[in-house]
Colleague: 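Sharing a structure with you now.
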Amino acid sequence: MGVHFCRRLELERCMSVMQSGTQMVKLKAGSKGLVRLFYLDEHRSCIRWRPSRKSEKAKITIDSLYKVTEGLQSDIFHRHADGSFDPGCCFTVYHGNHMESLDLVTSNPEEARTWVTGLSYLMAGISDEDSLAKRQRTHDQYPCKTKKHEADKNGDGLLNIDEIYQLLHKMNVNLPRRKVKQMFQEADSDDQQGTLTFEEFSVFYKMMSLRRDLYLLLMSYSDKKDHLMVDELAHFLCNEQKMVNVTTEYCLDVIDKFEMSEENKQKGILGIEGFTSFMRSPMCDVFNPEHHDVNQDMDQPLCNYYIASSHNTYLTGDQLLSHSKTDMYAWVLQAGCRCVEVDCWDGPDGEPMVQHGYTLTSKITFKSVIETIDKYAFINNPYPVILSIENHCSIQQQKKIAKHLREILGDKLDLGDALHRDSKELPSPQCLQGKILIKGKRLPLYLAADVEEGEVSDDDSADEIEDDFKLKNSSVSSSWVESHIRKKLDSLLKESQIGDKEDGDSFSIRALPIWKRNFYPLAIAHFFNLSPLFSPPHRSLSLSLPLDPSLRPPSLPCRSPDLPCPASSSLTPPSLSVRSGNPGNVLSFSETRAQHLVNHRAERFLVFNQRQLSRIYPSAYRIDSSNFNPQLYWNVGCQLVALNYQTEGRMMQLNRAKFMVNGGSGYVLKPPPMCKGSFNPFSDDPLPACSKKQLVLKIISGQQLPKPPDSMLGDRGEIIDPFVEVEIIGLPVDCCKEQTRVVDDNGFNPVWEETLSFTLHMAELALVRFLVWDHDPIGRDFVGQRTIAFSSLMPGYRHVYLEGLTEASIFIHVSVHDIYGKVGSLKDCLYYSRAYGITNCTTSGKNVEYVQGFEVRELQLAFGCYWGGNSAISGRVPGISVVTFVR
């Protein structure tokens, strides 16, 4: 007890010191360092510093911290000469999606230790807390205090009417001044008229934040009272939220947890504030809470799963100049990635290195990579990890690779009887828990273990680079080369970011001019004006070397003998035979070749993927580390669709949504039709015998939508004019977009009240993407997004919180119906019913239609019809036979 008390005192001391602030040196690449005052904010929610040109944006949230390391461990510290800093005074904070580092130097070791201890404590305190729960905690504890602190410009602890006007503009609220003044006067209840204290501002904020949409929803289920009784709450949960087995005890627990008024708790009723808090809680989020954990069958063969995969995992940025870090393996593995790439090259002192060959990227040792994988592979996830090894090493260093693998990974490589050459199907993720599989090319089995010759061709992006034009050592200054390339890369990255936000359908390779893409190395030389760095065109001896035979036991060959890859000079589709192939063989294709295969052999490719694994990796031309659209390859059942995890954007958002379905385990079951049988994924009706899904989304309102992140004027810019776009990503026949109207001058609480309808032929494959845009006369600006798999959507009234934004959300209603036969949309039904005066219909050609799942009141509202007993309602229109809705 005494030890625990002392520990608590020490932690509180750390918190106090951190909140008081500590002067530290902030190191940056290429600079001597900046002296800044770093401090923990009063809510212990973020690290701030001053002075800074970013003002209020100069902060790192505790929620975004990945880890804190002591000493001189980061790349920034390594760039400084030995002895420049006392290791005891140095520490690094890793944060954000890209593992950015904040490298700090204190004046003495005690200060550094205080910060490391305090930050570690804060990170541990939230590590098990769901992000939505964090948002709820933030929303409940201090929204008013935060807003008041931002608005109090003169720091006197009071807000006058002018400061309120400025705050409302910053919050994207455009209320009439008369209305603002009226609420101000109602809240200003003390003797000091003309200003608001914190308590008074809280009253003002609650008046302003009253949700009319939620109030009307509550009234509709409470017989127009301002509260819900227990039975009324139960009716709402069953009828709208589609919950089952709702008990009185459960409803009382909801009231106890969310009701603000103690009097209401005693009476067992839920008032508007409690109802609002409940509707904004994780319990009413659009994402199915059961999907936070593994919920799918994990006993099927590996080929029946999509597997989260990373390309050139070691890189932190672009493909030419960026740094290689072992930390990237730790990050992606803990983020759920189950297939990582290791590119092996000969290194000094007989130690193989990991790097991107023929480029200026930095190197790390193979041994350190394997040690990191061994440490982090199964921390959050027990399911198997696949090492995709691209081997460029000599025989001697390949033997070193084999030695490191066996010594470091040990029993993790021992698959027992789970995988052998005579097996007719691949093992399951369940039976391979805690195991690491090696995927790589190998020599024929008949060669002896002491062989010193042979051939193993390059496997990954180096495949696309002709030997004659690969980057060579040169007399040209490397610093000049780096500077010149970096300028071009910066331009490419900006173009890539703009394209990612503005063009959802674009996943073309933008890195090089189109007319140069067939001549990659020479094109780079011309593009960057670096011709002296490439060897002159001549033929040299092959550098392709054999994979050490001692690596055979744990390895999976990456190319199937019955599914040969096309030659590098040809895009002729290979022969797709699946009769005699070993299930352990893995097909590996660049996106360019894979796309050609998808376009010409989609059905046969899909059947191949029912028995064996295929891996798709980005083209070598994506030197900016941009990503292709993974959905194209998921549509034909490709399991290992490898992306550049370090590049945030649309494609990684799709990838995250895909693998959130099964608890972020890195394994998601393919839909049953993709595991057995055949169909054409490009057909207008790919599965005519199967039911479709009708997804009906009512976009009701938005809450606290910020100004666009790229706004030139930031918070001082104009109030936004938001609209919502919903996009379906799935089979080509299902892909579409719909959008709401624009609401002028209101980002705080815009109301749309519009219904969007989508028909899905294979709903299990579909992703639903919600985007919020700011309308502009010359275009539109991106505000935020949230992407969710269709199978993870919850029915009823739900909030969709925008990814990466604490409070911003849209409020929607979700309903899903089964549809049989060829289908039109609900809009078509409405059109024909009004045009011909019939009860209902769909645009179905001459087929009989059966639409199940519509509630009586929905049919009555949509078609003006009335249900009589259990009979069906039918109607006829010219050119269409009987159209029937069945209850």
Side-chain angles (χ1 to χ4, degrees), residues 287-288 290-291 294-309 338 383 425-426 428-430 578 594 598 601-614 616 629-641 654-695 727-736 758-769 787-794 816-823 852-853:
F287 184 83
N288 189 337
E290 293 181 0
H291 289 189
V294 174
N295 57 85
Q296 295 182 347
D297 177 12
M298 302 301 282
D299 282 314
Q300 298 190 31
L302 285 176
C303 56
N304 285 4
Y305 297 85
Y306 297 112
I307 304 172
S309 306
R338 296 289 88 185
Y383 296 105
E425 68 175 24
L426 289 167
S428 70
Q430 187 69 29
V578 295
V598 168
R601 298 288 190 274
E603 290 186 62
R604 297 178 70 180
F605 201 2
L606 188 148
V607 173
F608 173 86
N609 287 324
Q610 292 174 358
R611 190 167 184 265
Q612 296 174 230
L613 300 180
S614 62
I616 315 299
N629 187 342
Q631 189 68 44
L632 178 67
Y633 308 105
W634 290 333
N635 285 346
V636 292
C638 297
Q639 299 88 353
L640 302 164
V641 182
L654 301 185
N655 196 66
R656 276 197 298 273
K658 183 75 170 179
F659 291 100
M660 278 299 292
V661 172
N662 197 26
S665 64
Y667 287 86
V668 170
L669 268 176
K670 296 195 288 189
M674 303 199 100
C675 300
K676 189 176 182 180
S678 177
F679 67 92
N680 181 3
F682 293 97
S683 168
D684 287 340
D685 193 8
L687 298 166
C690 298
S691 66
K692 287 79 175 172
K693 297 288 184 183
Q694 190 85 35
L695 173 63
E727 179 183 7
I728 304 296
I729 302 106
L731 290 182
V733 68
D734 291 340
C735 291
C736 60
F758 306 91
T759 299
L760 306 179
H761 292 71
M762 187 177 281
E764 303 98 317
L765 265 184
L767 303 175
V768 184
R769 186 167 166 86
T787 307
I788 304 164
F790 171 87
S791 55
S792 292
L793 290 176
M794 289 292 284
V816 178
H817 314 287
D818 290 323
I819 302 177
Y820 296 87
K822 292 183 181 179
V823 295
Q852 295 181 328

Colleague: Apply the side chain to side chain contact (heavy atoms under 4.5 Å, CB included) test between Ser614 and each candidate in Asn609, Val636, Val641; give the one that qualifies.
Modeller: Asn609
Colleague: Measure the CZ-OG distance between Phe659 and Ser309 for me, rounded to the nearest 0.5 Å.
Modeller: 6.5 Å
Colleague: Within the distance-only criterion (no hydrogens, no angle test), does the side chain of Glu425 pair as donor or acceptor with the backbone N or O of Pro301 below 3.5 angstrom?
Modeller: no
Colleague: Atom CG in Asn635, atom CE in Met762: separation rounded to 0.5 Å?
Modeller: 8.5 Å
Colleague: For Lys693, check salt bridge (charged side-chain N to carboxylate O under 4.0 Å, His left out) against everything at least two apart and list the hits.
Modeller: Asp818
Colleague: Of all residues at least two apart in sequence or in a different chain, which pass the side-chain contact (heavy atoms from CB on, under 4.5 Å) check with Ser792?
Modeller: Phe287, His291, Val661, Ile788, Ala789
Colleague: Does a side-chain heavy-atom distance below 4.5 Å link Pro686 with Leu731?
Modeller: yes
Colleague: In Å and rounded to the nearest 0.5 Å, what is the CG to CG distance from Asp299 to Asn304?
Modeller: 11.5 Å
Colleague: Give the C-alpha distance, both sets of side-chain angles, the deciding distance and a yes or no for side-chain contact (heavy atoms from CB on, under 4.5 Å) between Met674 and Leu765.
Modeller: CA-CA 10 Å; Met674 303 199 100; Leu765 265 184; 4.0 Å; yes
Colleague: Once rounded to the nearest 0.5 Å, what's the spacing between atom CZ of Arg601 and atom CG of Leu606?
Modeller: 15.0 Å
Colleague: Test Asp685 against Val733 for side-chain contact (heavy atoms from CB on, under 4.5 Å), laying out the working first.
Modeller: CA-CA 8 Å; Asp685 193 8; Val733 68; over 6 Å; no
Colleague: Compare all side-chain heavy atoms of Leu760 with those of Lys692 and state whether any distance is below 4.5 angstrom.
Modeller: no
Colleague: Taking it one step at a time, do Asn662 and Tyr383 satisfy side-chain contact (heavy atoms from CB on, under 4.5 Å)?
Modeller: CA-CA 12 Å; Asn662 197 26; Tyr383 296 105; over 6 Å; no
Colleague: Can you see which heavy atom on Glu290 is nearest to which on Asn288, and at what distance?
Modeller: N-OD1, 3.0 Å
Colleague: Side-chain contact, heavy-atom cut-off 4.5 Å: Val598 with Phe605?
Modeller: yes
Colleague: Considering residues at least two apart in sequence or located in another chain, which fulfil the side-chain hydrogen bond (donor to acceptor under 3.5 Å, both in side chains) criterion with Gln610?
Modeller: none
Colleague: List the steps, then state whether side-chain contact (heavy atoms from CB on, under 4.5 Å) holds for Glu603 with Phe679.
Modeller: CA-CA 6 Å; Glu603 290 186 62; Phe679 67 92; 5.8 Å; no
Colleague: Search all heavy atoms of Cys736 against all heavy atoms of Phe758 and return the closest pair with its distance.
Modeller: SG-CD2, 3.4 Å
Colleague: With distance as the sole test, does Arg769 use its side chain to make a donor-acceptor pair with the main-chain N or O of Ile728 at under 3.5 Å?
Modeller: no
Colleague: Can you find a pair of side-chain heavy atoms, one from Tyr306 and one from Lys658, that are under 4.5 Å apart?
Modeller: yes
Colleague: Looking only at non-hydrogen atoms, find the nearest pair between Pro732 and Pro681 and report the distance.
Modeller: CD-O, 3.3 Å
Colleague: Does the structure place the NZ or CZ of Lys670 under 6.0 Å from the centre of the six-membered ring of Tyr305, at an angle of no more than 45° from the ring's axis?
Modeller: no
Colleague: Within this structure, what is the CG-SG distance for the pair Leu640 and Cys303, rounded to the nearest 0.5 Å?
Modeller: 11.0 Å
Colleague: Of all heavy-atom pairs between Leu613 and Phe608, which one has the smallest distance, and what is that distance?
Modeller: O-CE2, 4.0 Å
Colleague: As an exercise, state the distance from OH of Tyr667 to CD of Gln639, rounded to the nearest 0.5 Å.
Modeller: 11.0 Å
Colleague: Side chains of Gln694 and Thr759 only: does a donor on one sit below 3.5 Å from an acceptor on the other?
Modeller: yes
Colleague: What are the two closest non-hydrogen atoms of Ile729 and Leu654, and how far apart are they?
Modeller: CD1-CD2, 4.0 Å
Colleague: Taking all non-hydrogen atoms of both residues into account, name the closest pair between Leu669 and Gln296 and its distance.
Modeller: N-OE1, 2.7 Å
